[in-house]
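Below, chain A is the first sequence line, B the second, and so on; all start at residue 1. Just so it is clear, the model here is predicted, and its values are computed rather than measured.
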Amino acid sequence: MDINKYVSSGVLELYVYGALSETESKEVTSILKQYPEVKSEVEEIENALLKLSAAVSPQNAENLIQAIKQKLSHNPKIITMESNRSNIPMYIGWAASLLFLIGLFLMFNKNQELRSDLQALQGEKAQMESQIAEARNDADKSKELLSVIRDRNIIKVPLGGQAVAPDAYAAAYWDKTTNTTYIDVKDLPEPPRGMVYQVWSLQLEPLTPTSIGILDSYEEDENKIFALENMNPSEAFGITLEPAGGSKTPTMEQLYALGVVSS
Amino acid sequence: MQQDKLIEELQSGNEKAFERIYELYSQSTYGIIYSIIKDTAISEEVLQDVFIKIWNNASSYNPDKGRFFTWVLNIARNASIDKIRSKDFKNKKLNLKSDNFVDILESKSNFFGTIDAIGLQKYIDLLGPTCKKLIDLLFFKGFTQKETSEELQMPLGTVKTKNRVCIDKLRAKVL
């Protein structure tokens, strides 16, 4: 571009007057930014026009500045202050929602805690209930046993310790009306592993042993009293130690207790 | 202070910048207003309004669209034209005896300002009637190139080149 030609075309004067269209003015502005010599030309035109128009003014304008300043509204500053003020509710809003979230979180935590507490208590309750049921069961069993022992129709047969266990003691309670024999083996030693006590009903003349039961639940039974069905015309009761599962005939070497029905 | 920086300060609401802008442009603006209104008291009133507008609307000035001086010039011309068209102004039936800026300059008894008034006056006398007309219409009255061309019955291109010559003469004298 021929800058000198551009400058002398007269377009810059029209630009300063404001006589160009918006598009034309924008073009001049962009050229102004590129060429410092065009800019200084524009500044000189502007200066000449400033002086010319100032010369036309009727009097000094300086003294009017105070009156004008008093009329100035400080909108920009007021807007800033307002925007500052309007921040406060925003912060309050944020703080409130933060607190709400914290509260929500705490409540959720508390809820979880209570839930697990409740679960633990329910577990304990179930445990207690089963303990109570067990105790009731035990009590019923004890009552039954007590009634057995007190019953006058029951024949008590003490079974004394034999050669393998001289200190052993057992007892048989024989209820002939129900054909049941209760065997109390509380004072027998615990059977070794793989062995069980077997109870025999004996007829003496001739000596005929009949198995009336294997005490295979020895360990689990706390009372160590077992109810066995006995329809035999028993004259004596014996307890032998036999391999698990019991034997067909008693192993006499392992006879622990023996007692004769008295009447 | 740099012109661009000063205008940015004004746009951000700096009162010191406004004072500086007033120093730079008030006398010229006063002259523009007076050349249209031709009444000192009313011109003073309009001048105040114009600078209040400059303060309030500073943010709407876009440097890409033109000079800040041109922006101020437009505000001053528009405010003055609005004023002379107002009922209030017409009712006063002011005697508008002066036709243009040259008449004002010539009729001035006590001139003040930074420039040599007598020298300027002499120079204006030297400006031909065409230059006086061109500067009056294009600068003081804010006519477009086309309007001026029609008013003066002069080709568009001639308006531009002739005006350039007129301003060159003025610059040679006042700067």
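Listed in order of number, the residues of residues 150-160 of chain B that approach chain A to under 4.5 Å between heavy atoms are B/Lys160. Residues of residues 46-53 of chain B placed with any heavy atom under 4.5 Å of a heavy atom in chain A are listed by number as B/Leu47, B/Gln48, B/Phe51, B/Ile52. Heavy-atom proximity under 4.5 angstrom to chain A picks out B/Gly66, B/Arg67, B/Phe69, B/Thr70, B/Leu73, B/Arg77 from residues 66-81 of chain B.
At a threshold of 4.5 Å between non-hydrogen side-chain atoms, the residues B/Leu137 and A/Tyr17 do not count as touching. Side-chain contact between B/Phe139 and A/Glu13 is absent, with no heavy atoms from C-beta onward closer than 4.5 Å.
Ionic pairing of A/Glu41 and B/Arg164 is present here: one or more N-O contacts between side-chain nitrogen and carboxylate oxygen are shorter than 4.0 angstrom.
In terms of heavy-atom pairs under 4.5 Å with chain A, the best-connected choice from B/Ile33, B/Ile167, B/Ile32 is B/Ile167. Of the listed residues (B/Lys162, B/Lys65, B/Glu147), the one with the most heavy-atom contacts under 4.5 Å to chain A is B/Lys65.
Heavy atoms of B/Phe143 lying under 4.5 Å from chain A belong exclusively to its backbone. Neither the backbone nor the side chain of A/Leu12 comes within less than 4.5 Å of any heavy atom in chain B. Residue contact with chain A, scored on non-hydrogen atoms closer than 4.5 Å, involves the side chain of B/Tyr22 exclusively. Neither the backbone nor the side chain of A/Glu27 comes within contact range of chain B, judged by heavy atoms closer than 4.5 Å. Proximity to chain B is limited to the side chain of A/Val42, based on heavy atoms less than 4.5 angstrom apart. Contacts between B/Ser43 and chain A at a heavy-atom distance below 4.5 Å are absent for every atom of the residue.
In this structure, A/Ser9 and B/Thr161 approach most closely via the heavy-atom pair O-CG2, 4.0 Å. Here the shortest heavy-atom pairing between B/Thr40 and A/Pro58 reads OG1-CB, 3.8 Å. When every heavy atom of A/Thr29 is checked against every heavy atom of B/Pro63, the shortest pair comes out as CG2-O, 3.4 Å.
Checked against side-chain hydrogen bond (donor to acceptor under 3.5 Å, both in side chains), A/Lys224 has no partners two or more places apart in sequence or in another chain.
No side-chain donor-acceptor contact under 3.5 Å links B/Gln145 to the backbone of A/Ala19.
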